[in-house]
There are 2 protein chains.
Amino acid sequence: MASQRGEGDLTTPLEPADRERARAIPEAAVARLAVYLRVLSGMADQGVTTVSSEELSTAAGVNSAKLRKDLSYIGSYGTRGVGYDVEVLVSHIERILGLTRKHSVAVVGIGNLGHALANYGGFPGRGFPVTALFDVDDDLVGVPVGGIPVNHIEDIQRVCAEREVSIGVIATPPPAAQGVCDRLVSAGVQCILNFAPVVLQVPDNVEVRKVDLAVEMQILSFHVARRADEAANDLVNGIGVDGMVIRP
Amino acid sequence: MASQRGEGDLTTPLEPADRERARAIPEAAVARLAVYLRVLSGMADQGVTTVSSEELSTAAGVNSAKLRKDLSYIGSYGTRGVGYDVEVLVSHIERILGLTRKHSVAVVGIGNLGHALANYGGFPGRGFPVTALFDVDDDLVGVPVGGIPVNHIEDIQRVCAEREVSIGVIATPPPAAQGVCDRLVSAGVQCILNFAPVVLQVPDNVEVRKVDLAVEMQILSFHVARRADEAANDLVNGIGVDGMVIRP
DNA sequence: TACCGCTTGTGAACGCATGCACAAAGTCGG
DNA sequence: CCGACTTTGTGCATGCGTTCACAAGCGGTA
Ligand SMILES: NC(=O)c1ccc[n+]([C@@H]2O[C@H](COP(=O)([O-])OP(=O)(O)OC[C@H]3O[C@@H](n4cnc5c(N)ncnc54)[C@H](O)[C@@H]3O)[C@@H](O)[C@H]2O)c1
Ligand SMILES: NC(=O)c1ccc[n+]([C@@H]2O[C@H](COP(=O)([O-])OP(=O)(O)OC[C@H]3O[C@@H](n4cnc5c(N)ncnc54)[C@H](O)[C@@H]3O)[C@@H](O)[C@H]2O)c1
């Protein structure tokens with residue numbers, strides 16, 4: 001977290017050059033920057049001080065040209081002939097991703113998934129402390145989960161304001177999701193991570209990301225089906241599963 | 001599930017026309033087709049028989065031209081001037097996504113997240129029955145979770161073969177993920193859904209999808225940071241938060 | 001049957017992302 | 001100080017995905 005800017009300071013603008021860069025970073029590159037950051041943090045923990053685009057790209061599972069282009073979106077912090085300083089890169093990616101301040105997280109719907117999320121230690125360590133839990137079930141209200149007592153959903157506006165929640169996680173059953181979303185929005189939350197398999201309607205100033213496991217599995221299913229079909233087709237055409245031509 | 005093909009039949013090829021289509025469907029469109037399928041299923045449950053591209057695209061949160069193009073990848077099943085028959089569309093999307101057969105799922109790592117996944121009722125209902133659970137912890141082995149007794153990770157090869165597992169879900173701590181992945185692959189699993197924040201190395205014939213919640217949150221963080229910065233910038237330039245020009 | 005209004009399906013244009021290939025720029029050994 | 005070697009940063013071409021816009025096609029109606 002090497003930054004001259006204080007934590008929690010949302011109003012100090014980035015330097016003009018950075019501002020234009022941040023605006024121009026492609027969405028796909030932002031997702032990859034987060035991955036690079038994780039890999040780099042791991043390297044830093046192991047005492048690695050310098051890394052080349054080739055090494056880092058291999059570790060991150062991407063092509064090295066893409067990696068360099070992604071890094072170029074945030075500036076030129078490499079040294080030709082040497083590579084990148086791990087610490088420097090970490091701090092610049094953190095700055096661009098807005099990780100120089102903590103982002104307080106609220107989880108709504110403390111069922112199976114909500115419990116797992118509330119107990120998960122990986123978020124606070126990455127600058128995303130879970131500071132509020134909500135559920136509609138009176139039996140759950142007041143019970144501490146992962147060290148935080150569950151609040152009633154009715155109190156969402158007050159509690160979110162008090163704890164400066166900036167990310168709301170929806171882990172309720174699908175029918176309740178839109179209602180919860182509306183409440184989060186009216187409580188001033190501008191970022192929502194949705195686990196319920198429903199399409200949420202939100203105003204323009206709110207950013208939603210969804211995690212839909214059934215969709216992920218269906219995509220996998222599509223790929224097996226396609227592969228199985230190609231294999232069957234190849235067999236029909238006289239090509240073995242190993243690629244050898246059986247009937248030329 | 002309207003299909004003339006029997007369940008579990010992986011070897012019967014699709015019709016030639018369908019095969020070429022399946023090959024050509026863009027990855028992004030596949031993900032959306034899964035969403036359309038969910039929305040359509042909901043409509044079917046509510047007795048809706050016909051839907052226009054406009055209605056369906058609104059419900060799925062996309063632009064109607066994109067929806068029509070996506071549907072055109074799987075064939076022409078609409079009626080001009082009328083719209084699409086919900087049932088027909090559902091069965092065609094299911095066929096293209098390979099959902100005419102069940103895909104047996106194994107979850108590895110029955111901790112916080114593994115428990116939630118094993119207990120989740122949404123997968124079996126969508127053709128993804130969870131049929132095997134694995135953990136390295138002896139205290140967990142034999143304990144039923146969500147109705148299925150946990151097996152020891154050592155038995156993964158035998159059990160996956162017996163239960164014809166086609167999708168492996170990794171919910172172990174990050175350091176164990178690659179090892180678990182290798183075991184799944186050697187057990188013949190070709191589809192992997194990975195929750196551990198690590199980049200998995202797999203052979204070409206294995207499909208991996210990852211769900212990385214920290215990355216999702218960092219993407220959200222990037223967007224708030226950018227927005228906050230734009231707002232601060234606008235204030236400096238004399239534009240109020242409501243878009244009104246304060247100092248013209 | 002002929003017309004009208006509506007909705008699909010798609011050609012074409014555009015914009016974004018990816019990957020290549022190389023000049024520029026630095027390090028390091030002699 | 002120089003020259004060889006390494007690695008970055010990026011201009012450019014290519015391909016993929018999105019969006020527009022409209023002709024083609026269908027049902028309903030008179
Ligand atoms: N469990 C999983 O592994 C999993 C996987 C994929 C998707 N999901 C999705 O995540 C969501 C949660 O799944 P789950 O298994 O934890 O469900 P769950 O039924 O175990 O928990 C849901 C919780 O939400 C609470 N709730 C209901 N209405 C609410 C409201 N209006 N406001 C606040 N809280 C409310 C309930 O009291 C309950 O505690 C569902 O939409 C599910 O489809 C879950
Ligand atoms: N819990 C969450 O909400 C959450 C959120 C995001 C990411 N994740 C990731 O998901 C993974 C699991 O998280 P969790 O909170 O459930 O962790 P956890 O520690 O609660 O559970 C991990 C389980 O994996 C088992 N395990 C360890 N090594 C194993 C091996 N070699 N083979 C089989 N099983 C093994 C452990 O015995 C334990 O039961 C982690 O990688 C975590 O980073 C979890």
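When reading the values below, keep in mind they use all heavy atoms of this one structure, side chains included, and skip hydrogens, waters and symmetry mates.
Contact check, A:Y73 against C:dC16: no side-chain N or O comes under 4.0 Å of OP1 or OP2. Between A:S52 and the phosphate of D:dT7, there is no side-chain N or O to OP1/OP2 separation shorter than 4.0 Å. An OP1 or OP2 oxygen of C:dG26 is reached within less than 4.0 angstrom by no side-chain nitrogen or oxygen of A:T79. The phosphate of D:dA21 has neither OP1 nor OP2 within less than 4.0 Å of any side-chain N or O from B:R68.
For A:R80 and D:dT8, a side-chain-to-base donor-acceptor distance below 3.5 Å is present, hydrogens and geometry of angles not being considered. A donor-acceptor contact under 3.5 angstrom links the side-chain atoms of A:K69 to the base of C:dG19.
Side-chain atoms of B:Q178 come within 3.5 Å of backbone atoms of B:Q201 as a donor-acceptor pair (strictly under, hydrogens ignored). Looking only at distances, no side-chain donor or acceptor of A:S221 sits under 3.5 Å from a matching main-chain atom of A:M217. Proximity of a side-chain donor or acceptor of A:R68 to a complementary backbone N or O of A:S53 within less than 3.5 Å is not detected.
B:L71 has its CG atom 16 Å from the P atom of D:dG17, to the nearest Å. Put simply, CG on B:L67 is 17 Å from P on D:dG17, counting in whole angstrom units. Residue B:E54 contributes atom CD, which lies 8 Å from atom P of C:dT8 at whole-angstrom precision. Whole-Å rounding puts the A:D85 CG to D:dT8 C1' distance at 15 Å. Rounded to whole Å, atom C1' of C:dG9 lies 13 Å from atom CD1 of B:I74. Atom CG in A:D70 sits roughly 13 Å away from atom C1' in C:dC16 (whole-Å rounding). Atom CD in A:E27 sits roughly 17 Å away from atom P in D:dG17 (whole-Å rounding). Taking atom NZ of B:K66 as the reference point, atom C1' of C:dC14 lies 14 Å away to the nearest angstrom.
The nearest heavy atom of DNA chain C to A:G81 and to A:A29 marks one nucleotide each, and the one closer to the 5' end goes with A:A29.
Of the candidates D:dC20, D:dG27, D:dT8, D:dC20 carries the atom nearest the B:N63 side chain, counting heavy atoms from C-beta on. Comparing C:dT8, C:dC20, C:dT10 by their closest approach to the side chain of A:A65 singles out C:dC20. With distances taken from any side-chain atom of B:S72 to the nucleotides D:dG9, C:dA21, C:dT10, the minimum falls on C:dT10.
Comment: B:E27 does not engage A:R226 in a salt bridge, judged by the lack of any side-chain N to carboxylate O separation of less than 4.0 angstrom.
Smallest separation of non-hydrogen atoms from B:L33 and B:I93: O-CG2, 3.7 Å.
Looking at heavy-atom distances under 4.0 Å, B:E55 makes no contact with the nucleic acid at all.
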